[in-house]
Amino acid sequence: MTDSVFPGPALTQAVQLRGPVVEVSDPKTVNTQYGESDLCEVTLRPDRGAGVPTTVTLWGKWTETADVLEPGMELAVYDPDERQYQGETQYSVGSDATVVVEPDFLVDVTDVRAWVQCPRMYYLRKLDGADLAYPLVKGTVVHEVFGDLLRGRDVEAAIDDQIEAAGLDIGLLGREADEVAGDVRDHAKAIEGWLQQGTLTDEDSAATAADSSERDFSPAESDWRSEMTLISERYGMKGRADAVRRGMPVELKTGKNTKREPRFQDKIQATAYALMLGERAANSLDASAVMAGDGGTTTPIEAAPDTGTLLYTKNAAVDRSEESGDLSPAKEFSIGSGLLNYVIRTRNAIAAMEHDTGVPTGYEANTKCEYCFEQDTCMAVSGRLDQESKAGQVGVAIPEAERDYFERFYTAIEAERRAVHREYAKLWEQTAEERAADDRALVDLEPVGRTELDSGRWELRARGTGAVSKIREGDLVMASDGDPVTGDAELARVERIGEARSASEDANGETVSSGEEIVVTADEPLDLRRLDIYPSELTTDRLQNALHDALLTQPPEQKDVLFGRRDPEFETVAETFIDNNEAQNEAVQLAVGAEDFALVHGPPGTGKTYTLARMVRALVDRGDRVLLSAFTNRAVDNAIEALEEQGFTDIVRVGTESGVREDMQNYRLEQSGDPGECAATLQNAQVVAATTATCGGTAMQSQSFDVAVVDEAGQLTEPGTLAATTLADRFALVGDHQQLPPVVQSEDATLSTSLFQRLIETHPDAGVMLDRQYRMAQHIQAFASREFYDGQLRPATGEVAGQRIDDLPGVSMDALPEHLRDRVSFVDPGGTQTGNTNPVEADAVAEVVAAYREAGVPAADVGVIAPFRAQVAELDRRLPDVAVDTVDRFQGSSKEVIVVSFVATETLEGPIFEDYRRINVAMTRAKKALVLVGDADALGTDEVYGRLVEWAES
DNA sequence: TCTCTGCTTAGAGGA
């Protein structure tokens, strides 16, 4: 077992050669002293491209990996044979060496498994993965029960709890809890029987046999670990083993297998875990050797466990009179270097395919399509997209424009996936300090306690340093003893981060807080010393799903308008919904009368959310079932709040407990509980509200709607929007493409234009712009109106236009310094940008805020905005009781007084300043006073920022 | 050196 007595990074001399491939020779066959052998020469630039091009000869089966290599791919070569020849060092990769393609791309073990079944199955899984199916739900419940049994829980209690936890899914499948419990019990019996047997053979004392009738067979803690998350830096792989027993992988399968041997793909899955367990074992063996003064020489392959176990629990439940064959649930198999290397080569094939976003045909492996249960789907997808596939094609291809669209977005989403993978690689590429500085980790935690919960899970507590990070309550994180890759590490859920609830007294009798308290829950106990963000591919998976559903399952008529083959149609609606704002009323009429879609362009402060709520009510009055969606939880909750204010409360909110705002929890659908009740609550709801990411999940995929109403649609990628709109016959998008665009990690521009923007540009007639704003004084809105809204944005009333800071109770204009008395002012404090901060400017901002405070403006009415998080932190220190945040995070809210800190001096370099929409957002948060603080010369280097300064000074 | 929210995780099975 790896222990915290071995600090520092992995000690295995892992990478011997690593860098981009320059050239790959054609494979050839040569005669050697051992007979005929294949070889292929690969030239790479070691030291990650910095070294002299070096040729490595790949022998035998490694030529399969050479086959998929292309120049430009990153290659790692471990433990190659080294030989001097004519003054040159030559490397060769035979049986003892390993080659890994694109090691930073973490291939999932389940993807390796799917690829082994059929490379095309691997591809199909990415496109279409949100189906609800009983065997899957049951399988999940059995796995959870298995984990509970390993943690020593009572079987009946575990079954009841886990079925309750899966309540909604079971209900949506139309099953009863009792029926599922019966099914699960059969599997649980098989697990119990096997565990009992294991205990008996392990403990050779006669006394154990006498006790065997009792329930107490709880596995000894040192023998077992359940649900072990493994990440491999060396092989570029990640996955989660069901259980590890004495260092050996155990995989639970709830299907049936009456063959003597385990299924090949099951063996491959367990072998992949064995490979990663070997890596961990080698690291700790080498560490021991170093401590003992020996050199570390064990390779991970040598250190890998030699046996894997597959537990086919359904075997115990089948009717023995009708089945022949081997019905024992547990099947062991031996793991040798051949199988381990096979896993690595398969993993390489996947990584190579991902490098240039290729699409597998099925010919890559020797699979037989006639036995495949994905055959129909495979042929249909191949036919619709006109792809080459071993199974062949059925059906008519979608139009070429749609195929191009699919290709373009598929590629862009996969680029996002690679960006997520780069985040994984940072787990080991960055030191703990670098990760902490990047806000991606909380380090130097001091473990203060652990408690085993009734569920068998563990609550782990630590004292934090109070450092900031992106980690928030409810997040799934990697909890570790200090090293998330080679140390003791577990996936954990953050339950609490914050000031310790209990305070104590110090020596002088003063009450002191005991620091920041961090509480997480995990399956296994560990010393909680560090938390890391655990990147998730969930969003990319759901975007792929949405793309697939929108293009391959929607009827052509519905897609026509998206591809410009037809103009959107409207029925004329004469009813008046809002009588004091023409544009708002027109927006509701448009949405109600839309036969395809309607677009509502809502600039800042124009009552966009109010209009949206009115629209939802009007649709409901017509008998429509409405989906209410937005990218962020905050926007969804705001929309519900607006509905509530209009007296409408027949809403079901789908989302996680931590995502949904406290005061909206009463609308939240409880996903655990009685299956029938859970499902009925969702199915009977007239209005269902959820984020677009949740719309892509299994629960929402089972629902259909008449209309989807999507708020903040300017912040959504096209596939993100489609996740909501494909669930409905028609849709209405509400947003503002002149405010911030979707957040995407990759540089690809495809995803950064919203569907809202594309449609409003191609179909201006299908949209209404709300042109009267209720937020800003006339002068404050002038710049935004001119620059971003063609001068069409105007104050809704004279009162809005003429508002002044001294309208606030107790605020006197005379108390303000003269340069701050205008509604818009500019201050040039003459500081210097250092990194992403400007301390002098921060001081000036603090002075401005202090001036407003002294004039009587309450702290709650002041907001401070800066482009960089570093400057936000700088300002936060000076202004503890004022809201300070980045532009991006301020979108959606407003304050009476807004102070903007631009940070930049001399030049305006940096991508943050390139998107002018960011200024629009920053300027339009202010109601009565706006103060711009920055370097006039730097701002003057850009035309738009220059006009901004001119306007502020005038 | 740029901004950053989603999501129960990942994996659950069928001839």
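The sequence lines fix the lettering, A, B, ..., with proteins before strands; numbering per chain opens at 1. Note: hydrogens, waters and symmetry copies are ignored here, and every other heavy atom, side chains too, is used.
Each of B:dT9, B:dG11, B:dC4 was ranked by its minimum atom distance to the side chain of A:Thr110; first place goes to B:dG11. When the nucleotides B:dT9, B:dG14, B:dC2 are ranked by their closest atom to the side chain of A:Arg240, B:dT9 comes out on top. Taking the side chain of A:Lys314 as heavy atoms from C-beta on, and the options B:dG6, B:dC7, B:dG14, the nearest nucleotide is B:dG14. For A:Asp888, taking side-chain heavy atoms from C-beta onward, the closest of the listed nucleotides B:dT8, B:dA10, B:dC4 is B:dC4. Of the listed nucleotides (B:dG11, B:dT9, B:dG6), B:dG6 has the atom at the smallest distance from the side chain of A:Phe631. Side-chain proximity of A:Ile912 to the nucleotides B:dC4, B:dA12, B:dC2 is greatest for B:dC2. Nearest to the side chain of A:Glu144, among B:dA15, B:dT9, B:dT3, sits B:dT9. Across B:dA12, B:dT3, B:dG14, the shortest atom-to-atom separation from the side chain of A:His143 is found for B:dA12. Nearest to the side-chain atoms of A:Arg889 among the listed nucleotides B:dA12, B:dC4, B:dC7 stands B:dC4. Proximity note for A:Thr691 (side chain, C-beta onward) versus B:dA12, B:dC4, B:dG6: the nearest is B:dG6.
For the P atoms, the distance linking B:dC2 with B:dG6 amounts to 23 Å, nearest Å. B:dG11 and B:dC7 have their C1' atoms separated by 15 Å, given to the nearest Å. Rounded to the nearest Å, the gap between the P atom of B:dA10 and that of B:dG14 is 23 Å. Taking the C1' atoms as reference points, B:dT8 lies 14 Å from B:dA12, given to the whole Å.
Contact annotation: A:Thr254 reaches the phosphate of B:dG13 (side-chain N/O to OP1 or OP2, under 4.0 Å). Contact annotation: A:Lys470 does not reach the phosphate of B:dC4 (side-chain N/O to OP1 or OP2, under 4.0 Å). In this structure, A:Tyr273 reaches the B:dG11 phosphate: one of its side-chain N or O atoms is under 4.0 Å from OP1 or OP2. Side-chain nitrogen and oxygen atoms of A:Asn633 include at least one within less than 4.0 Å of the OP1 or OP2 phosphate oxygen of B:dC7. For the OP1/OP2 pair of B:dC4 and a distance below 4.0 Å, the side-chain nitrogens and oxygens of A:Arg869 include at least one atom meeting the criterion.
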- Take A:Arg869 and A:Thr886 through the test side-chain hydrogen bond (donor to acceptor under 3.5 Å, both in side chains) and record every step on the way to the result. CA-CA 6 Å; A:Arg869 273 213 316 250; A:Thr886 57; over 6 Å; no
- Message: Please evaluate residues A:Asn838 and A:Gln871 with respect to the criterion side-chain hydrogen bond (donor to acceptor under 3.5 Å, both in side chains), reporting the C-alpha separation (whole Å), side-chain torsions for both, the decisive distance (0.1 Å), and the verdict.
- Response: CA-CA 7 Å; A:Asn838 186 333; A:Gln871 179 76 349; 5.7 Å; no
- Stepwise side chain to side chain contact (heavy atoms under 4.5 Å, CB included) check, A:Val520 with A:Glu495: CA-CA 5 Å; A:Val520 305; A:Glu495 305 292 339; 5.6 Å; no
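If you measure from atom CG of A:Leu538 to atom P of B:dA12, you get 16 Å, rounded to the nearest angstrom. A straight line from CD of A:Glu537 to P of B:dT8 spans 16 Å, rounded to a whole angstrom. Computed from coordinates, the A:Arg125 CZ to B:dG13 P distance equals 12 Å when rounded to whole Å. In this structure, CD of A:Glu874 is placed 21 Å from P of B:dT1, rounded to the nearest angstrom. One atom, CG of A:Leu491, and another, P of B:dC7, lie 18 Å apart when rounded to the nearest Å. The CG atom of A:Leu476 sits 16 Å away from the C1' atom of B:dT5 (whole-angstrom rounding). Atom CD of A:Gln891 is separated from atom P of B:dG6 by 13 Å (rounded to the nearest Å). Rounding to whole angstrom units, CE of residue A:Met228 and P of B:dT9 are separated by 21 Å.
Contact annotation for A:Tyr534: backbone-only contact, meaning every heavy-atom pair under 4.0 Å involves sugar-phosphate atoms and none involves a base. A:Asp108 comes within 4.0 angstrom of the backbone, heavy atoms only, and of no base. Residue A:Glu434 is classed as having no contact, given no heavy-atom separation below 4.0 Å to the nucleic acid. Within 4.0 Å of A:Thr694, counting heavy atoms only, lie sugar-phosphate atoms of the nucleic acid but no base atom. Across all strands shown, A:Asp242 has heavy atoms under 4.0 Å from sugar-phosphate atoms exclusively, and none from any base. Counting any heavy atom pair closer than 4.0 Å across all strands shown, A:Glu370 reaches no nucleic acid atom. Using a 4.0 Å heavy-atom cutoff across all strands shown, A:Gly655 reaches no nucleic acid atom at all. Among the atoms of the strands shown, base atoms are found under 4.0 Å from some heavy atom of A:Glu374. Backbone-only contact: A:Lys253 has heavy atoms under 4.0 Å from sugar-phosphate atoms and none from a base. As judged by a 4.0 angstrom heavy-atom cut-off over every strand, A:Arg493 is placed among the base-contacting residues.
Looking at A:Lys331 and A:Glu261, no side-chain N of the basic residue comes within less than 4.0 Å of a carboxylate O on the acidic one, giving no salt bridge.
A:Tyr424 contributes a side-chain N or O that, together with a main-chain N or O of A:Pro535, makes up a donor-acceptor pair within less than 3.5 Å.
Between the base of B:dT3 and the side chain of A:Arg918 there is a donor-acceptor pair shorter than 3.5 Å.
Counting heavy atoms from C-beta outward, A:Tyr122 and A:Arg113 have side chains that stay 4.5 Å or more apart. Here the side chains of A:Gln269 and A:Thr110 are in contact, with some heavy-atom distance below 4.5 Å.
The aromatic rings of A:His421 and A:Phe105 sit parallel, their planes meeting at an angle under 30°, below the 60° perpendicular limit.
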